[in-house]
Amino acid sequence: MTQLSKIWLSSPHMGGSEKKYVNEAFDTNWVAPLGPNVTGFENDLEAYLGNDSNVAALSSGTAAIHLALILLDVKPGDFVICQSFTFSASANPIVYQCATPVFVDSEPETWNMCPKALDEALLDLSKKGRTPKAIIAVHLYGMPFKADELRAVADKYGVPIVEDSAEALGSTYKGRKCGTFGDIGILSFNGNKIITTSGGGALVSKHKNIKEKAVFLATQARDNAPHYQHSEIGHNYRLSNICAGIGRGQMEVLDKHIALRRKMNAWYRDFFADVDGVTVFAEPDSDYFSNHWLSAILVDEKVLGKSREDLRLALEAQNIESRPLWKPMHLQPVFSESEYYGSDVCEHLFDNGLCLPSGSNLQIDEIERIKAVFVDFFGRNA
Ligand SMILES: *Cc1c(COP(=O)(O)O)cnc(C)c1O
């Protein structure tokens with residue numbers, strides 16, 4: 001029997017002109033260091049995000065979060081609040097700074113940081129005289145968080161927001177692009193994200209001096225002198241001119257690829273509309289526009305008699321990748337000692353949720369293979 005080709009959750013999808021920009025870099029020997037592709041990619045992102053955004057292109061989203069915390073003066077012994085329901089890269093930079101993470105639960109509508117749980121956390125911490133230096137909130141799977149509510153709570157306590165928009169480039173809340181809601185925003189262009197530079201990220205700020213400081217710190221914090229002189233500790237976090245070339249090509253197809261991911265999400269919603277016990281993750285109302293980076297479902301085992309793990313294994317048997325939702329940070333062995341505010345919302349999501357193939361490059365025959373597994377698994381005559 002021939003092995004069926006693998007269907008991925010989300011794989012790189014090149015638009016066509018990426019090579020043109022990369023070749024330009026080769027032709028002009030701008031292979032290194034920084035060069036016109038980096039500036040071009042930053043300009044493209046600034047125009048796309050609007051809202052007077054200033055963008056610094058970096059080597060990863062993780063590097064962008066790390067620099068954001070440095071720029072917000074997070075130091076050893078400080079506390080930083082972080083959404084528990086997220087990828088570990090949201091939280092790890094807190095530890096890079098020798099600060100202490102405090103995790104907060106999600107709410108069930110957007111699956112992102114719960115404004116009430118955040119308020120509880122900030123109130124309790126402030127009573128103990130421990131005002132956190134920052135709040136890291138995440139737009140998971142492309143779904144915008146409750147930006148107005150979170151901002152109101154953060155402002156009440158005077159704590160800045162780091163907006164982890166790694167999964168949400170192109171998503172909007174009340175018409176405004178994700179990446180522009182935080183005191184500092186971050187993006188990722190890792191291999192499986194909505195656009196990729198093979199690896200890369202960006203820091204977003206309304207303030208030009210924040211961008212300049214980020215670039216300074218990302219290029220070894222070299223003082224303005226003919227010799228190498230340093231008054232601060234720097235990092236090697238800048239994006240390369242080759243990777244930025246891929247990014248310029250990807251920006252040309254970003255909106256087209258978002259439309260394709262949203263179409264795939266609509267296909268799942270349509271399929272599961274009459275399957276009891278399955279809920280497709282969807283925007284709560286028209287204020288929210290998700291890029292639907294990954295489509296996700298909740299499987300109610302009590303109704304179906306089968307779990308999300310049963311479905312994952314059924315898909316895997318046909319060489320189709322699916323994946324449980326992010327395991328909350330407060331349940332991770334590495335963060336088991338950390339404080340946590342909220343209830344069991346994100347734990348319930350982790351126990352019952354599954355991400356499904358969502359790539360903008362899924363082919364019709366691949367969607368048919370996914371459908372065949374569903375029809376068999378849910379016993380539905382489609
Ligand atoms: C991918 C991702 C990151 C990290 O981005 P990298 O570019 O992979 O370092 C951070 N937060 C979230 C939510 C992510 O999905």
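We count ligands from 1, going down the list as the structure has it; atoms in each ligand are counted the same way.
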Which ligand 1 atoms are under 4.0 Å away from a heavy-atom of T86? 13 (C)
If I apply the N/O under 3.5 Å rule, does S188 come out as touching ligand 1? yes
Got more than 12 heavy atoms from elsewhere within 6.0 Å of NZ, K128? yes
Give yes if a backbone or side-chain nitrogen or oxygen of G61 is under 3.5 Å from a nitrogen or oxygen of ligand 1, and no if not. yes
I'd like to know if L304 and L356 are part of one continuous hydrophobic network [Ile/Leu/Val/Met/Phe/Trp/Tyr, side-chain heavy atoms within less than 4.5 Å]. yes
Give the atom numbers and elements of ligand 1 that come within less than 4.0 Å of a heavy atom of S60. 7 (O), 9 (O)
Please test K156 against D119 for salt bridge (charged side-chain N to carboxylate O under 4.0 Å, His left out), starting from the C-alpha separation and ending with a verdict. CA-CA 9 Å; K156 191 163 117 188; D119 202 341; 2.9 Å; yes
Q250 and side-chain hydrogen bond (donor to acceptor under 3.5 Å, both in side chains): which single residue from K193, H257, E18, H13 fits? E18
For W293, is at least one N or O under 3.5 Å away from an N or O on ligand 1? no
Between Q83, E167, H66, K193, which one has a non-hydrogen atom sitting closest to atom 2 (C) of ligand 1? K193
Between E301 and S307, do the side chains contain a donor N or O and an acceptor N or O under 3.5 Å apart? no
Could you tell me whether I186 approaches ligand 1 through its side chain, its backbone, both or neither, with non-hydrogen atoms closer than 4.0 Å? neither
F26 atom CZ: more than 12 heavy-atom contacts under 6.0 Å: no
For the pair E163 and K206, find out whether any cationic side-chain nitrogen is under 4.0 Å from an anionic carboxylate oxygen. no
Counting from 1 in the order shown, the ligand 1 atoms closer than 4.0 Å to a non-hydrogen atom of N190 are 7 (O), 8 (O)
What are the atoms of ligand 1, with element, lying closer than 4.0 Å to any heavy atom of S90? 11 (N), 13 (C)
What are the atoms of ligand 1, with element, lying closer than 4.0 Å to any heavy atom of A89? 3 (C), 4 (C), 10 (C)
Nearest protein heavy atom to atom 11 (N) of ligand 1, by residue and atom, and its distance? D164 OD2, 2.7 Å
Please could you name the atoms of ligand 1 that V138 approaches to less than 4.0 Å, counting only its heavy atoms? 13 (C)
Within-4.5 Å side-chain heavy-atom neighbours: V55 and K211: no
Ignoring hydrogens and angles, state whether a donor on the side chain of R248 or N37 is under 3.5 Å from an acceptor on the partner side chain. yes
Decide whether H66 and Y237 meet the rule of one side-chain donor and one side-chain acceptor closer than 3.5 Å. yes
Whether G200 lies under 4.0 Å from ligand 1, heavy atom: yes
Please list the nearest protein heavy atom to atom 9 (O) of ligand 1 with its residue and the distance rounded to 0.1 Å. T62 OG1, 2.5 Å
Give the atom numbers and elements of ligand 1 that come within less than 4.0 Å of a heavy atom of A166. 2 (C), 3 (C), 10 (C), 11 (N), 12 (C), 14 (C)
